[in-house]
Amino acid sequence: AATLEPGEPMHTGNPGGKSVWFGWNAPRSGAILIAVAARDYFPLAEVYLPGPVSQVPTNIAPRAISFDQTNKITQLLLDVVGGQDYAFAVDGLAAQSGDFTISLSYPAAPWNDNFANRIQMDGTRVEIQTSNLYATREGGEPFHAGFKDEKSQGTKSIWYSWRAPVSGPVTVTCRGEGFYPLPDIYTGDTLNSLTNVPRRALSFAATNTVSTLTFTANAFRVYALALDGFQGRSGNITFSLATAYSPLTAQLLAATTIP
């Protein structure tokens with residue numbers, strides 16, 4: 001019968017007591033999905049970076065954990081690095097035990113996961129429903145919205161491109177399902193040449209998961225919009241991009257003469 005070793009952590013922060021362990025070496029970098037399903041009890045699953053035998057393994061952060069209590073399934077979603085060793089623990093809630101199945105896969109990333117595949121947007125007002133689920137962070141990709149520390153930074157970015165039809169203020173409003181999106185705006189044609197738009201501003205609503213990015217656009221310039229998730233979170237995102245002026249309004253303002 002499985003047991004809990006002295007000094008072993010509580011997996012997913014829940015009391016267990018019947019853990020078994022698996023080792024795995026990632027063949028390539030990317031997002032992976034681990035699913036553990038049981039029939040007669042609720043399974044607990046956790047992933048760690050293995051260390052010396054005398055040390056407690058290190059939790060992977062960030063990672064997303066979901067529980068399906070009806071079907072007794074625990075899922076872990078995280079980014080892995082090719083060639084890195086990982087340790088998976090499977091336990092049972094309240095020291096329950098029994099048969100289980102475990103699966104590991106590299107789910108398909110969104111089409112616009114990489115900067116080179118950014119999706120084109122047009123117009124003075126755009127509204128899009130999207131998802132950064134299974135998105136990844138590219139090598140050399142900047143840290144969006146200024147969050148560089150490991151606990152806060154985003155690792156699930158998707159990309160859009162927008163050609164400004166008019167100069168003036170622009171507002172990007174994003175709502176995430178259960179997490180704060182991290183939008184950021186750039187100029188540049190390649191990932192390595194990206195430059196943040198000056199004087200941009202980002203704010204977060206206190207009562208819901210809405211992030212608002214504002215910046216000033218120059219007419220006919222092409223901008224790259226990144227949508228990431230705070231603390232590496234991912235899921236459904238609804239966002240809108242709106243200019244303060246229409247092209248006709250801008251022409252009238254430019255032609256107005258104040259006596």
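Note that the numbering runs from 1 along the sequence shown for the chain. Model, not experiment: these values are computed from the prediction.
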Decide, yes or no, whether a salt bridge links Asp79 with Lys156 under the criterion of side-chain N to carboxylate O below 4.0 Å.
yes

Given the rule that I, L, V, M, F, W and Y join up when any side-chain heavy atoms are under 4.5 Å apart, are [X] and [Y] in one cluster?
X	Y	value
Leu78	Leu104	yes
Val170	Ile119	yes
Leu76	Val81	yes
Leu93	Ile65	yes
Val47	Trp21	no

Under the ring-ring contact (aromatic ring centres under 6.0 Å, His included) definition, can you give me all pairs with a residue in residues 117-141, not counting sequence neighbours?
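Residue pairs passing ring-ring contact (aromatic ring centres under 6.0 Å, His included), neighbours aside: none found.
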
Determine which pairs satisfy ring-ring contact (aromatic ring centres under 6.0 Å, His included) with at least one residue from residues 99-122, sequence neighbours left out, and list them in order.
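Listed once each, the pairs are Phe115-Trp159.
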
Holding to ring-ring contact (aromatic ring centres under 6.0 Å, His included), I want the full list of residues that pass it with Phe204, two or more places apart in sequence or in another chain.
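Per chain and number, Phe204 pairs via ring-ring contact (aromatic ring centres under 6.0 Å, His included) with Tyr180.
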
Nearest atoms (heavy-atom pairs only) where [X] meets [Y]:
X	Y	result
Leu227	Pro183	CD2-CB, 3.7 Å
Pro181	Ile237	CG-CG2, 4.2 Å
Gln120	Arg163	NE2-N, 3.8 Å
Val20	Ala2	CG1-CB, 3.9 Å
Asn208	Arg175	CB-NH1, 3.9 Å
Gly154	Arg137	O-NH1, 4.1 Å

N/O donor to acceptor pairs below 3.5 angstrom from side-chain atoms of residues 24-43, sequence neighbours left out:
unit_1	atom_1	unit_2	atom_2	d
Asn25	ND2	Gly83	O	3.0
Asn25	ND2	Asp85	OD1	2.8
Ser29	OG	Gly82	N	2.8
Tyr41	OH	Gly98	O	3.0

Side chains of [X] and [Y]: does their closest heavy-atom pair fall under 4.5 Å?
X	Y	value
Ser157	His144	yes
Leu202	Ser211	yes
Leu77	Ser234	yes
Val222	Trp162	no
Glu46	Leu44	no
Ser19	His11	yes
Leu213	Ile185	yes
Phe179	Phe230	no

Is the side chain of [X] donor-acceptor paired with the backbone N or O of [Y] at a distance under 3.5 Å, no angle test?
X	Y	value
Asn71	Ile73	no
Asn132	Gly235	yes
Asp91	Lys18	yes
Thr74	Ala45	no
Thr173	Thr212	no

Gln129, CD: over 12 other non-hydrogen atoms inside 6.0 angstrom
no

Before giving the answer on ring pair (Phe, Tyr, Trp, His ring centres under 6.0 Å), spell out for Tyr223 and Phe215 the whole-Å C-alpha distance, their side-chain angles and the decisive distance to 0.1 Å.
CA-CA 11 Å; Tyr223 294 89; Phe215 66 99; 5.5 Å; yes

I'd like to know whether Thr130 forms a side-chain contact (heavy atoms from CB on, under 4.5 Å) with Phe239, so could you lay out the CA-CA distance, the side-chain angles of the two residues, the decisive distance to 0.1 Å, and finally the verdict.
CA-CA 8 Å; Thr130 187; Phe239 77 94; 4.1 Å; yes

Pair [X], [Y]: side-chain N/O donor-acceptor within cut-off below 3.5 Å:
X	Y	answer
Asn14	Thr12	yes
Thr136	Asp113	yes
Thr124	Tyr245	no
Asn117	Asn114	no

Considering residues at least two apart in sequence or located in another chain, which fulfil the salt bridge (charged side-chain N to carboxylate O under 4.0 Å, His left out) criterion with Glu127?
Arg125

Within residues 186-215 or reaching into it, pairs that qualify as salt bridge (charged side-chain N to carboxylate O under 4.0 Å, His left out) - sequence neighbours excluded
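Residue pairs passing salt bridge (charged side-chain N to carboxylate O under 4.0 Å, His left out), neighbours aside: Asp184-Arg200.
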
Working for side-chain contact (heavy atoms from CB on, under 4.5 Å), residues Gln75 and Asp68
CA-CA 8 Å; Gln75 290 187 323; Asp68 182 342; over 6 Å; no

